[in-house]
Structure formats: structure tokens, C-alpha cells
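Data block below; observations after.
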Amino acid sequence: MFALVDVNNMYVSCERVFRPSLIGKPVVVLSNNDGACIARSNEAKDLGVQMAQPWFEVRHLEREAGLLALSANFELYGDMSTRMMTLVAQYAPRQEVYSIDESFLDFEGVSGDLVEIGRDMRAKVLLWTGLPTSVGFGPTKTLAKLANHVAKMADRRPGRYDARHAQVCHLGAADRATRDAVFAASEVGDVWGIGRRMSARLNAGGIHTVQDLLRADIATLRAQFSVVLEKTVLELRGTPCLDVDHAPAAQQQMMCSRSFGAPVTTLAEMVEVVSQFATRVTEKARQQQAAAGAVHVFITTSPHRRHDRQHSQSLTLPLVRASADTRVIVAMAVRAVQQMVRPGFHYAKAGVMLLDLRPQGQQQAELDLFGTAEAAPGAGPSRLMAAMDTLNQRFGRGAVTVASAQHQARHGQHAGRQQRRSPRSTTRLAEIVTARA
DNA sequence: TCTGGGGTCCTAGGACCC
DNA sequence: TCTGGGGTCCTAGGACCC
């Protein structure tokens, strides 16, 4: 039996732990430039705020309805996530950390009443971290996900699902009538793996609820959609197609991208920002002892500014030798933007992606054919890069960087607006919570 | 004025192989 | 006149996830 445990409205809940006055109020957490809502409290959802909705569209609710907005504080969320994951891992032999706020647990071989175990786990996470969670159990990951959705909705929207499912829902133990009631009350779009596009197509074919989907002919579904949907339906029927991935393979790619606080119009500015992104993503690669085989860079104007001339372009540059050296990656990224940036455009976003990641130091001997060995600083863990990482860790990001990123590091003009960020209470001593006597 | 930042997997089509 | 067929690998793009 599988469980899916996740934190309700994760980012908002993290903020509430340190600012209890936010409890019960409509709260959103904003993306990097304070641009869009990336997390909403239930109260904010009830006001009609949508996921990823631009802040300027809902800003009027600040006055009209007391909506509160905070800048994202990922350092805090990441740390809270680790605490919560460590706690729930103790309840089952195998865990897959699926996202910052979600974890699959495999209860194979565990005896006892799972609903009771789920309630105990919820209570402990709440007591020890302050984070409210929902727990769903099912014989497949997809059913555990659905059960989790039911647990949350039964708590939030009494009437849609049986109140007994609130907070902890076990679809694997439910009798047939109970399960059917859940399937009939769930829309296909509520199912893990069925997004907006597929929902629309399924709806057009008369399939609206999970019950409809389970009654449909699976071969036809596979032919008209894909094996992905076929697997999803099999999982909903109780046939496991997906296992808990407790030892995930190393990442294949990683990215650093950002929308700009102000449009970038010149090559010189673009070189600065992209150098910064390249620096950051290479740092991340080194943390995972990975080296990149290729660098992918993209730049784009804002598709939302309809009156602007649009330009989106990307370029992938292969590396002769895999590298995790900031100088090498920045040089490639700069070369890419030099080929792409055109005058007269207002660029709104750019990103640097490292592709074809492999363990650092794993070099193929035949590449030395090119005689690049002595000029290949990315070949192993470089002392220079290690020193740079240490300095930046101690003195703050950007303390030491490559020259082309320097201007940005000093001025941070494209670093983005983040005017509403809360203290990083659990990871910075200087920002620790003060209790009044 | 102002619109997130990460990832994964699957498929189709082309290049290339024998 | 008539010009193979099957396999693999790679890439781009699309769909999904949070």
C-alpha cells in the first residue's frame, strides 16, 4: 500500500509557522519579481485567486478583502521541507521525495491500521514542524494521489466528499460503494497525470468523471491518447504501473532562469544576466558533483506585451569535454547570447540550462585525442571552483564571481524585486525569530 | 507599468545503419 | 517501367508535474 503525504498550501503554511497572525487570513506567496501568485491559502483560493495569476490582477483584493502577499522565501521553504520529509520517512520502509512538499511512502510489510498511522503521522508533523498535511492511501501511486486530493477536499469543501475522508483518506480499505462514490465525485482533471489539455479532450468525448474514465475502453484510450493515459487508467483500476522511486537517478539537466525586473535591451546587459545565471547553475551542478556535456541558452521577449516585437530563440552548444567550471560555462553562455540578441527588442526572460549531466571527473579517455587535457579545468573537482564556492558560501552569493557577471552582482539590477520576503528564520542566525518577554 | 521556475517522460520524424 | 525494410539513435516539441 502506498501513501502520499503533502503539506497543505506549503509556502503559505511555512510563513504561518513564524507569523501565526496569518492563520485564517487570505495569503498568497509571490514569484521572483513579486510577479505572480505561486501559493495561496484556502482563504485566498476562496477569493478566486488562481495559481500563477499575475499579482497586478489581484492586487485590488489587498484593500478590498484584506489579501496579504509575501515574496517567496525558498531558503525557508527548503529547510522546512527537509524537516517534514525526515519525519514522515520514519513511518515507512521506503520513501520517495516527490517534490518540495510531497512524499510517497511505501507501506509494504507494515502491519496495523494505516488510517491510524496516517493520523499519527499528521499529528506529529503538525506538532514538530507546525505544518498541516493531508494523507492519502491507495494500492497504487495514482490512487494514493487521488485519495490525498479527497482528503484535502473533504476537509475544505464539506459535502463534495464524505466527511470521514477528511485529512486522511484510505481508498485501499474502502468498500466498493465508497470507492465508487469517490470516483463519481472526482473529475478527470483531479487525477495525477491528466492535465488541462487531456481533460478538455476527454470532456469533449463525454468523459467527465473518474467513473466515466474507468468505464471507457482502455485500448481506445491508448490509441487516441498515449501509453501515459493507459498507465493512469490501469493505476486507477488498482494495477500498479509505477513504483516508489526511493533512489532517484541523478538529474539529467538543470536550469537557472528568471524573468527580469526590468526589460533587457542591450547585449551588454544580457551578457551580465546570463553570466549570472550560468554561474548559478554551474554552482548547483558542482553541489551534485555533476558536469555538463552541453549548454543550452534561451532568451525571450514577453509574449504578454502584444504590441512589442517578439523574439524568442535558443541555442545548444556542446562541450568537447564535460565541465563544471564556471569560466567554461559562462564563456559558452556568453557566446550563445552574442549570437542571439538582436537590437530593438525588449527581452523579458532568459535562462541557462546544463544538459547531458554526468558525474564529475568521469572523463572519456578518447577525448584526449583533441589534446585538450591541460586546457580542461572541468575535468575534475577544481581547487579554484571549490575555493570560489567556499567564499560565496561564507560571504554571500556573488562575493566572488567571473568578470562578466560582476556588474550584476554588485548592483543586482535584474535580481528582481522581492520586497515582501519574510526572515529566513531557520537557516540564518541573524534572522532568527525574537520572542517578546 | 506589472504575468513563476524548476523538472520529467513520451512521441514523431529524420538521419543513419546494414 | 519498376528503386527495400527494419532497426537505432537523436532531437524538437508537447504534455504533464509541483
Side-chain angles (χ1 to χ4, degrees), chain A residues 4-11 28-40 49-60 62 69 71-72 74 77-78 81 96-104 141-142 145 148-149 188-202 222-232 241-242 245 248-263 277 280-281 284-285 288 293-294 296 298 300-308 312-316 318 346 348-357 416-419:
Chain A
L4 181 82
V5 190
D6 81 343
V7 179
N8 304 338
N9 314 323
M10 169 78 174
Y11 299 167
V28 293
V29 171
L30 302 175
S31 63
N32 237 283
N33 283 314
D34 291 347
C37 305
I38 54 171
R40 306 158 293 156
V49 179
Q50 299 299 304
M51 187 59 180
Q53 190 168 13
W55 170 233
F56 70 85
E57 283 181 15
V58 292
R59 184 166 203 161
H60 61 97
E62 248 183 327
S71 302
F74 291 111
Y77 312 150
S81 170
E96 172 185 347
V97 175
Y98 179 66
S99 74
I100 192 163
D101 73 322
E102 279 177 80
S103 172
F104 283 106
K141 285 170 90 175
T142 305
K145 273 285 251 186
N148 179 276
H149 170 79
V188 285
D190 296 334
V191 175
W192 186 41
I194 302 181
R196 275 216 335 269
R197 307 268 175 162
M198 257 204 275
S199 293
R201 284 178 62 196
L202 287 166
R222 175 177 179 150
Q224 288 183 355
F225 294 86
S226 68
V227 294
V228 185
L229 184 63
E230 183 189 30
K231 273 190 199 168
T232 297
C241 301
L242 307 166
D245 192 2
Q251 259 173 273
Q252 299 171 28
Q253 55 184 54
M254 57 178 66
M255 176 161 66
C256 178
S257 79
R258 230 36 110 230
S259 298
F260 308 140
F277 298 167
R280 181 76 196 102
V281 75
K284 279 205 293 190
Q288 304 193 10
H296 179 88
F298 70 87
T300 180
T301 51
S302 170
H304 304 291
R305 291 173 61 140
R306 290 270 200 61
H307 47 283
D308 275 17
S312 296
Q313 202 179 337
S314 67
L315 203 56
T316 305
H346 288 71
K349 184 177 182 177
V352 177
M353 209 182 302
L354 299 184
L355 308 177
D356 200 7
L357 290 174
R417 299 178 292 271
Q418 264 217 312
Q419 293 161 354

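No experiment lies behind these values; they were computed from the predicted model shown. Chain letters run A, B, ... following the sequence lines, proteins first and then strands; every chain starts at 1.
Atom pair A/F260:CZ and B/dT1:C1' shows a separation of 18 Å (rounding to whole Å applied). The CE-C1' distance, from A/M353 to B/dG6, rounds to 10 Å in whole Å. Distance, A/H346 NE2 to B/dT1 C1': 12 Å, rounded to whole Å. Rounded to whole angstrom, the span from the CD1 atom of A/I100 across to the C1' atom of C/dC17 amounts to 14 Å. For the pair A/E102 CD and B/dT8 P, the interatomic distance rounds to 16 Å; values are reported in whole Å. Rounded to a whole Å, the CG atom of A/L315 is 14 Å from the C1' atom of C/dA12. A/Q53 has its CD atom 17 Å from the P atom of B/dG5, to the nearest Å. The distance between atom NE2 of A/H296 and atom P of B/dG7, rounded to the nearest whole Å, is 13 Å.
The shortest heavy-atom contact between A/S257 and A/F298 is CB-CZ, 3.8 Å. Between A/W55 and A/A69, the shortest heavy-atom contact is CH2-CB, 3.5 Å. Minimum heavy-atom separation, A/Q224 to A/R201: O-NH2, 2.8 Å.
Judged purely by atom type and a 3.5 angstrom limit, A/D101 has no side-chain atom pairing as donor or acceptor with the backbone of A/M10. Distance alone, capped at 3.5 Å, places no donor-acceptor pair between the A/S302 side chain and the A/A348 backbone. Looking only at distances, no side-chain donor or acceptor of A/R258 sits under 3.5 Å from a matching main-chain atom of A/N32.
Relative to the side chain of A/S31, the nucleotides B/dT3, B/dG4, C/dC17 differ in distance, and B/dG4 lies closest. In the set C/dA15, B/dG4, B/dT11, B/dT11 carries the atom at the smallest distance from any side-chain atom of A/V227. Nearest nucleotide to the A/W192 side chain, out of B/dC2, C/dC18, B/dG5: C/dC18. If you check B/dG6, B/dG4, B/dC10 against the side chain of A/V228, the one that comes closest is B/dC10. With C/dC17, B/dC2, B/dT3 as the candidates, the nucleotide lying closest to the side chain of A/H304 is B/dT3. Checked against B/dG4, C/dC18, B/dG7, the side chain of A/M254 finds its nearest nucleotide in B/dG7. In this structure, the nucleotide among B/dT3, B/dG6, B/dG5 sitting nearest to the side chain of A/M255 is B/dG6. Side chain of A/M198, nearest nucleotide from B/dG7, B/dT8, C/dC16: C/dC16. In this structure, the nucleotide among B/dC2, B/dG4, B/dG7 sitting nearest to the side chain of A/R305 is B/dC2. Checked against B/dG6, B/dT3, B/dG4, the side chain of A/S257 finds its nearest nucleotide in B/dG6.
In this pair, A/W192 and A/F104 present their aromatic rings tilted. The plane angle is within the 30 to 60° band. Ring geometry, A/Y11 versus A/Y77: the interplanar angle falls under 30°, so the pair is classed parallel (tilted spans 30 to 60°).
OP1 or OP2 of C/dC18 sits under 4.0 Å from a side-chain N or O of A/K145. Remark: A/Q251 is in phosphate contact with B/dG7, judged by side-chain N or O atoms under 4.0 Å from OP1 or OP2. For A/R258 and B/dG6, the shortest distance from a side-chain N or O to OP1 or OP2 is below 4.0 Å. Within the structure, a side-chain polar atom (N or O) of A/K284 is placed less than 4.0 Å from OP1 or OP2 of B/dG7. Taking 4.0 angstrom as the limit, A/K349 places a side-chain polar atom (N or O) nearer than this to OP1 or OP2 of B/dG5.
Between A/H307 and A/S226, the residue whose closest nucleotide on DNA chain B is further toward the 5' end is A/H307. Residue A/W55 is the one, among A/C256 and A/W55, whose nearest nucleotide of DNA chain B lies closer to the 5' end (criterion: closest heavy atom).
Residues A/H296 and A/T316 have side chains that bring a donor and an acceptor to within less than 3.5 angstrom of each other.
The end-to-end axis angle of the helix from B/dG5-C/dC18 to B/dC18-C/dG5, rounded to 10 degrees and based on five pairs per end, is 10°.
A distance of about 25 Å separates the P atoms of C/dC18 and B/dT3, rounded to the whole Å.
A/V191 comes within contact range of the sugar-phosphate backbone alone, with a heavy-atom separation under 4.0 Å but no base atom that close.
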